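All values derive from a computational prediction rather than experimental measurement.
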Amino acid sequence: MVPLNLPKSTNVHFGVMPVVIDGQSVITGTFVQTSFAIQSCSTDSASMIAVCINYSSSMVAVLDLAKFATTFAVADIGVSEFDTGVPQAATPFSGGSCMICGVVAVPAIHSFVVSASDGYRIYNYPVAGAASPLAPAKIYAIPIAENFALSNSRLWVFSADYGSTGGPRVLRVIDLASQRVYAWDQYTNQCSATDGAACTNFGPQVVDSITFSDDTGLLTLDDESGDSQLTVDMSQAVFSDSSLTFSAPHAYSGLSVVDTLGLGEVSGLLASSTGHWGFAVAEFSGAVVGVQQLPISAGTGNALAPPTPDPIYADLSTLVDHAPCAFAPAGGQDPHAQGYTLTSAGVPLGLFISGDSRCMAVINLALLDDAPRQAGALGNLLDTSNYDPVKSGAVTFYALPNE
């Protein structure tokens, strides 16, 4: 199982439907009945559960997938709903607001994390019939991010201050093992003399997505326009328990300006579950996906190489003639989806769901990265004049069942 957020839906009983890709099950689509519209899910394959939320509700749905894992029958998915008890106040972002702004399962400690207006809340996995509202095992009362990242191996939660005004922006690490919160000894919106022009561009913008690679130990922060990134080498991080701060090598890098390519904002980024791939997706509207090579290692000091080459982008809506379903642009609000990755049969894949939840595109990240690009100023766009990404296997569409 892999974490998979679902796009916004207006269906009262929107739910999840398992899809199997090369033997790996992915939670997506519809059919499981819940009292609220599901907008985001995270799964734990070891415990065979999924935890799902709606951004405008304090409720969570806990799905028991143990029997389903052997039968792949939707009727065998058990559903229990609980009130998390999070404050009713919504957290505002530039394009929307949320009561629960994110959820991620943490298999190693049999818990899940949600972000809310009072901080990050840790809940132990509930059992059927448990008391509602749930009592959090721990609340970390710090500002939440639009999207937060998790290191499964290190039990770290990464959160970057979102706003572009109001003083220094802090990057924090919650150590779930020690229950300490550490702050980076630098600010994400203040540049040093060696940070370069990319930092000057990154600083005034909001941090729209944050992703961590357990493989490389590198943390990547994306700005809202998607044209600059901050990479922090957490594999070399040094933590101080006395000051509750950490130091780590970092580098800012500039990417192609997606807006000037006519594709809108592409500001969601997720590191591949294996390897050094970054999977980028459009925010709000459009069906644009991209792939870039993230750094494999940071070197020493600040000698961190920027991503190379710049991302290559594909507009999925131009490929619908090859699809068994109409690929409607992905609508949404903040917090918006980031894109979703898994590795199947050793192949790194990115997943993107259409706005109406009726179609899924699976992107072979390595093949798309190697695909031909258009010439000249459009060198970051896929060249489909002599290349068919569907026939090549770079893009595969799946029709999703709906009620």
**Request:** Considering non-hydrogen atoms only, spot the tightest contact between Met99 and Ser58 and give its length.
**Result:** SD-N, 3.5 Å
**Prompt:** If every non-hydrogen atom of Ala183 is compared with every non-hydrogen atom of Val170, which pair is closest and at what distance?
**Reply:** CB-CG1, 3.8 Å
**Asked** Is the Trp156 to Phe246 ring centre distance short of 6.0 Å?
**Response** no
**Asked** Under 3.5 Å, is there a donor-acceptor pair between the side chain of Thr341 and the main chain of Ala271?
**Response** yes
**Message:** If only side-chain N and O atoms count, and only distance matters, is there a donor-acceptor pair under 3.5 Å linking Ser392 with Tyr387?
**Reply:** yes
**Item:** Sub-4.5 Å side-chain heavy-atom contact between Val106 and Val157
**Value:** no
**Item:** ring pair (Phe, Tyr, Trp, His ring centres under 6.0 Å) partners of Phe82, counting only residues at least two apart
**Value:** none
**Asked** Looking only at heavy atoms, which two atoms of Leu316 and Ala361 are closest? And how far apart?
**Response** CD1-CB, 3.7 Å
**Asked** Which residue pairs pass the salt bridge (Lys or Arg N to Asp or Glu O under 4.0 Å) test when at least one of the two sits in residues 152-163, sequence neighbours left out?
**Response** Arg154-Asp214, Asp161-Arg172
**Prompt:** Could you state the interatomic distance from OG1 (Thr216) to CG (Leu294), rounded to the nearest 0.5 Å?
**Reply:** 7.5 Å
**Asked** Between Phe148 and Val113, is any pair of side-chain heavy atoms under 4.5 Å apart?
**Response** yes
**Request:** Decide whether Gln374 and Asp383 meet the rule of one side-chain donor and one side-chain acceptor closer than 3.5 Å.
**Result:** no
**Fill in**
In this structure, OG of Ser213 is separated from NE2 of His276 (nearest 0.5 Å) by 10.0 Å
**Request:** Show your reasoning for whether side-chain contact (heavy atoms from CB on, under 4.5 Å) applies to Asn380 and Arg373.
**Result:** CA-CA 6 Å; Asn380 289 97; Arg373 299 165 179 249; 3.5 Å; yes
**Item:** Sub-4.5 Å side-chain heavy-atom contact between Ile142 and Ile174
**Value:** yes
**Prompt:** Can you tell me how far the CD1 atom of Ile210 sits from the CG atom of Leu150, to the nearest 0.5 Å?
**Reply:** 11.5 Å
**Request:** Only counting residues at least two apart or in another chain, list the ones meeting salt bridge (charged side-chain N to carboxylate O under 4.0 Å, His left out) with Asp388.
**Result:** none
**With sequence neighbours excluded, residues passing ring pair (Phe, Tyr, Trp, His ring centres under 6.0 Å) with Phe93** = Tyr162
**Request:** Please tell me if the side chains of Ser272 and Phe279 come closer than 4.5 Å, counting only heavy atoms from C-beta onward.
**Result:** no
**Prompt:** Who passes ring pair (Phe, Tyr, Trp, His ring centres under 6.0 Å) against Tyr187, sequence neighbours left out?
**Reply:** none
**Prompt:** For the side chain to side chain contact (heavy atoms under 4.5 Å, CB included) test, which of Val104, Ile122, Val51 pairs with Phe112?
**Reply:** Val51
**Item:** Rounded distance [0.5 Å steps], CG in Leu381 versus OH in Tyr313
**Value:** 9.5 Å
**Asked** Are any non-hydrogen side-chain atoms of Asn54 and Thr34 less than 4.5 angstrom apart?
**Response** no
**Message:** Under the criterion side-chain contact (heavy atoms from CB on, under 4.5 Å), I'd like the reasoning laid out for Ile77 against Leu65: C-alpha separation, chi angles, the key distance, then a yes or no.
**Reply:** CA-CA 5 Å; Ile77 298 177; Leu65 305 173; 3.8 Å; yes
**Message:** List the residues meeting side-chain hydrogen bond (donor to acceptor under 3.5 Å, both in side chains) with Ser159, not counting sequence neighbours, and say none if there are none.
**Reply:** Tyr120
**Asked** Who pairs with Thr84 by side-chain hydrogen bond (donor to acceptor under 3.5 Å, both in side chains), at least two apart in sequence or on another chain?
**Response** none
**Asked** Is there side-chain contact between Gln292 and Gln229, with heavy atoms separated by less than 4.5 Å?
**Response** yes
**Item:** Asp223 (side chain) donor-acceptor with Phe202 (main chain) under 3.5 angstrom
**Value:** no
**Prompt:** What are the two closest heavy atoms between Ala116 and Thr91, and how far apart are they?
**Reply:** C-OG1, 4.1 Å
**Complete:** Sorted by chain and number, sequence neighbours left out, side-chain hydrogen bond (donor to acceptor under 3.5 Å, both in side chains) with Thr318 holds for none
**Request:** State which residues pass side-chain hydrogen bond (donor to acceptor under 3.5 Å, both in side chains) with Asp118; sequence neighbours excluded, sorted by chain then number.
**Result:** Arg121
**Asked** Hey, mind stepping through Leu176 and Tyr140 against side-chain contact (heavy atoms from CB on, under 4.5 Å) and telling me if it holds?
**Response** CA-CA 10 Å; Leu176 297 177; Tyr140 296 93; 4.2 Å; yes
**Message:** Apply side-chain contact (heavy atoms from CB on, under 4.5 Å) to residues Asp241 and Tyr182 and explain how you reach the verdict.
**Reply:** CA-CA 8 Å; Asp241 290 339; Tyr182 299 90; 2.5 Å; yes
**Item:** Main-chain N/O of Ala198 paired to Asn201 side chain as donor or acceptor, under 3.5 Å
**Value:** no
**Asked** What residues, two or more places apart in sequence or in another chain, satisfy salt bridge (charged side-chain N to carboxylate O under 4.0 Å, His left out) together with Asp175?
**Response** none
**Complete:** Rounded to the nearest 0.5 Å, the CG atom of Asp64 sits from the OG atom of Ser47 at a distance of 10.5 Å
**Asked** Between Ser115 (side chain) and Gly102 (backbone), is there a donor-acceptor pair under 3.5 Å?
**Response** yes
**Request:** Heavy atoms only: give me the nearest Leu382-Ala314 pair and the separation to one decimal.
**Result:** CD2-CB, 3.9 Å
Atom pairs and distances, donor-acceptor, side-chain atoms in residues 66-74, under 3.5 Å, two or more places apart:
from, atom 1, to, atom 2, distance (Å)
Thr70, OG1, Lys67, O, 2.8
Thr71, OG1, Lys67, O, 3.3
Thr71, OG1, Ala73, N, 3.2
Thr71, OG1, Asp76, OD2, 2.7

**Message:** Quick check: closest heavy atoms across Arg169 and Pro204, and the distance to 0.1 Å?
**Reply:** NH1-C, 4.4 Å
**Any side-chain heavy-atom pair of Val291 and Ile312 under 4.5 Å** = yes
**Request:** Taking the side chain as every heavy atom from C-beta outward, state whether Leu230 and Val207 have any atom pair closer than 4.5 Å.
**Result:** no
Can you give each donor-acceptor pair under 3.5 Å made by side-chain atoms of residues 124-136, sequence neighbours left out, with the distance rounded to 0.1 Å?
from, atom 1, to, atom 2, distance (Å)
Asn124, OD1, Ser111, OG, 3.3
Tyr125, OH, Asp44, OD2, 2.6
Ser132, OG, Asp83, N, 2.9

**Asked** Rounded to the nearest 0.5 Å, what separation is found between the CZ atom of Phe397 and the CZ atom of Phe352?
**Response** 10.5 Å
